[in-house]
Colleague: 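For reference, the structure I am asking about is given below.
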Amino acid sequence: MFTLGSVLDNELKSSVEDFSFETEFSTNQLMLPNIEKPFEFAQSIISLEKDLDENDNQPMFHQQKKEERKERALIKGSKGTTTLAFIYEKGTVVAVDSRATSGQYIASQSVQKVVPVNQYMLGTLAGGAADCQFFLGHLGRICNLYELRNNEKISVAAASKLLNNILYSYRNYGLSVGSMICGYDTRGPQLYYIDSDGSRLKNSLFSVGSGSPFAYGVLDAGYRWDLSKEDAIDLGRRAICAATFKDSYSGGTVKVYHIDENGWVKISDDDASELWYRYEEKEKKNK
Amino acid sequence: MAGKNCVAIAGDTRFGVRNQTVALDSNRIFKINNRTLFGMTGLNTDILTLRESFKFQMNLYNLEEEREISPKTFAHNVAQTLYSKRFGPYFITPIIAGLEGEDYTPFLCATDLIGAMEFPKSFVVAGTGEESLMGVCETFYKENMEPDELFEVVSQCLLAAVDRDALSGWGSVVHVLTKDGITTKRLRTRKD
C-alpha cells in the first residue's frame, strides 16, 4: 500500500538517481568534431594575441608551428580588455570597459562585458567573448536550478567552484575565459577569479585583461577595506579610465556596477574618452 | 589629400610600444620648405633618424643649388635614400605632399619602405589604420576642394579612421598647405 511517505521516498530516489553532477551540471552538448585528433584541431583553429607575440626563446619548429597556426586560425581571439572588481566593507564594485579588438582592428566599442549570473551575482567577460558569454549564461542556469532544488540561494564560492570544474574539464581545448565571479551572499561580499586554465582564486581585488597592469596601478594605490560607497565606485571608475587611456586595446565606455545585500545595480555608463577629459579638467582646477 | 591649389597632411600624435601608450606628442609631419610637407609612419627611431638625414640633405641642396627644392625632386630623393638601404631597410612609410611649380599644382607621393613611388591625384594614406583611412577617404574625397573644405574633410577622415584602430589616436594634428603658407591645427581625439 502506498503511503504519502513512500511515494515521496520513491520520487526523491528517482530524482536523485537522475540527478548526477556529470549530466546536469556539465555541458555535454558541446560536441567535438568527428575526426582523428579533435584536441589538436580545436587548439589549432584559435589564435590569441598573446600567442602571436611569444616567439622568442622557442626552438625553430615551435616557431614554424606558431606561424602555421596563425594562418590556419579560423577564430581570431579578440582579447584586449580591462575588467576589475574589488570587495570592500559595504559590498562589491565591478567596473569594465567595452572595447573588442581583433588584431588591431577595433571590432566594437559597445560590448557587454558584465553578464548577470543571478540577482546578486555578476560575472565579467575577458578573453573569448563567445566562451565567456556561454559559460556565464550556463552558470546562471545552474544557479537557478540549485535555488529551485534546495530552496536557498547558492553561495558565490559554490557557484565559482561549479564553473571552475566545468572549465577544467575543457582544459586544453583552446577555450579562453578569464572571468571574475562577484557577488554578495551570507558570508558578505565575495570575489573569485576563474580561468580557462583551471585556476580559481579568491582575493579582495582583481583586474583582468590587457589593461590590467594599468588598472592595478590606480586600484592598489586607492584601495582600502573601509571605503565609502561613493569613493569605492569612483575608484573603480578611475582605474578603468586610466587603463583605457594607457592601453590601446581597452576603451569605449566605462561601466560600473555595485553589489550589496539587495542585489546588483548598474551605477554608471560613461564614455571613456570624455571621462578622461573630465578628470583632466578637474586636475587642472584643483591645481 | 589634394584640393584646389592646396594640400593637407594629417596624422595622429601617439607614440606607443605594442599596446602601451608612451607619449601623446610625437610629431611625425615635418616641413621641408614652404612648398613641401613630409610625413612618415612606422618605426619611431627610423622616423627620427630620417628626419635628421633629410634636414641635412636639404640644407646641402639649398647651399649648392641656391634655391628651394621642388616636391617632386624631394620625393625622388626620398625614394633613393630608402632604396640605398634595400637589404636592411628603414621601417617607415613616407608621404610627401606639396605644391609644384608656378601654378601651385598639388603634388602627392607615397612610397613603400624601399622606395617604390606612387603619384596619386587624390589622396595617400599610411600607418596602422591605413585600411580604415583608405575607406573613409575614398568616401569623402571630391575634386577641387577649397582649403577650408579640405581641412574639414581631412579632419573627419582621420578622426573616423583613428576611432576604429586600437593603435592610433591620443591626439592629432592637421597641416593645410596653400600658396599663402601652412596652417596647423590640433584636433581633439579620443584618448582611449
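Letters go in sequence order (proteins before strands), and every chain restarts at 1.
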Colleague: Which residue out of A:Gly211, A:Gly251, A:Ala243, A:Pro213 racks up the most heavy-atom pairs below 4.5 Å with chain B?
Modeller: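 Among the listed options, the one with the most contacts to chain B is A:Gly251.
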Colleague: Side chain, backbone, both or neither: which part of A:Asp97 has a non-hydrogen atom closer than 4.5 Å to chain B?
Modeller: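 For A:Asp97, there is no contact with chain B at all, as no heavy atom is under 4.5 Å.
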Colleague: Check whether more than 12 heavy atoms from other residues, nucleotides or ligands sit under 6.0 Å from atom CD of B:Glu143, and answer yes or no.
Modeller: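 Not buried by this count: 12 neighbours or fewer within 6.0 Å.
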Colleague: Roughly how far, to the nearest 0.5 Å, is CZ of B:Arg18 from OH of A:Tyr249?
Modeller: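 CZ of B:Arg18 is found 9.5 Å from OH of A:Tyr249.
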Colleague: Answer yes or no: does atom NZ of A:Lys202 have more than 12 heavy-atom neighbours from other residues, nucleotides or ligands under 6.0 Å?
Modeller: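 Yes.
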Colleague: For B:Glu66, does the CD atom sit with more than 12 other heavy atoms under 6.0 Å from it, leaving out its own atoms?
Modeller: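 It does not: B:Glu66 CD has 12 such atoms or fewer within range.
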Colleague: Would you say NZ of B:Lys179 has more than 12 non-hydrogen atoms from neighbouring residues, nucleotides or ligands within 6.0 angstrom?
Modeller: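 Atom NZ in B:Lys179 is not crowded, with 12 or fewer foreign heavy atoms closer than 6.0 Å.
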Colleague: Is it the case that over 12 heavy atoms from other parts of the model lie below 6.0 angstrom from the OH atom of B:Tyr83?
Modeller: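 Result for OH/B:Tyr83: open.
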Colleague: Can you confirm whether the side chains of A:Ser248 and B:Arg14 place a donor and an acceptor under 3.5 Å from each other?
Modeller: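 Yes.
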Colleague: Search all heavy atoms of A:Gln104 against all heavy atoms of B:Leu167 and return the closest pair with its distance.
Modeller: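 For A:Gln104 and B:Leu167, the tightest heavy-atom pair comes out as OE1-CD1, 3.5 Å.
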Colleague: Where is the tightest heavy-atom contact between A:Thr101 and B:Ala166, given as atom of each residue plus distance?
Modeller: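 Residues A:Thr101 and B:Ala166, closest heavy atoms: CG2-CB, 4.0 Å.
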Colleague: Applying side-chain contact (heavy atoms from CB on, under 4.5 Å), run through B:Gln20 and A:Asp247 and close with a yes or a no.
Modeller: CA-CA 5 Å; B:Gln20 185 177 14; A:Asp247 181 27; over 6 Å; no
Colleague: Looking only at non-hydrogen atoms, find the nearest pair between A:Thr244 and B:Trp170 and report the distance.
Modeller: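 Residues A:Thr244 and B:Trp170, closest heavy atoms: O-CZ2, 3.9 Å.
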Colleague: For the CZ atom of A:Phe214 and the OG1 atom of B:Thr21, what is their distance to the nearest 0.5 Å?
Modeller: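 If I round to the nearest 0.5 Å, the distance is 7.5 Å.
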Colleague: Locate the shortest heavy-atom distance separating B:Arg190 from A:Ser273; write the atom from each residue and the value.
Modeller: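 For B:Arg190 and A:Ser273, the tightest heavy-atom pair comes out as CA-OG, 3.0 Å.
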Colleague: Does the pair B:Leu24 and A:Phe245 meet the rule for a side-chain contact (heavy atoms from CB on, under 4.5 Å), with working shown?
Modeller: CA-CA 11 Å; B:Leu24 311 176; A:Phe245 178 74; 3.6 Å; yes
Colleague: Kindly compute the distance separating OG (A:Ser210) from CG (B:Asn19), expressed to the nearest 0.5 Å.
Modeller: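 If we round to the nearest 0.5 Å, A:Ser210:OG and B:Asn19:CG are 5.5 Å apart.
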Colleague: More than 12 heavy atoms of other residues, nucleotides or ligands under 6.0 Å from CD of B:Glu131: yes or no?
Modeller: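 Open.
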Colleague: For the pair A:Glu280 and B:Arg188, find out whether any cationic side-chain nitrogen is under 4.0 Å from an anionic carboxylate oxygen.
Modeller: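 So A:Glu280 does not pair with B:Arg188 through a salt bridge.
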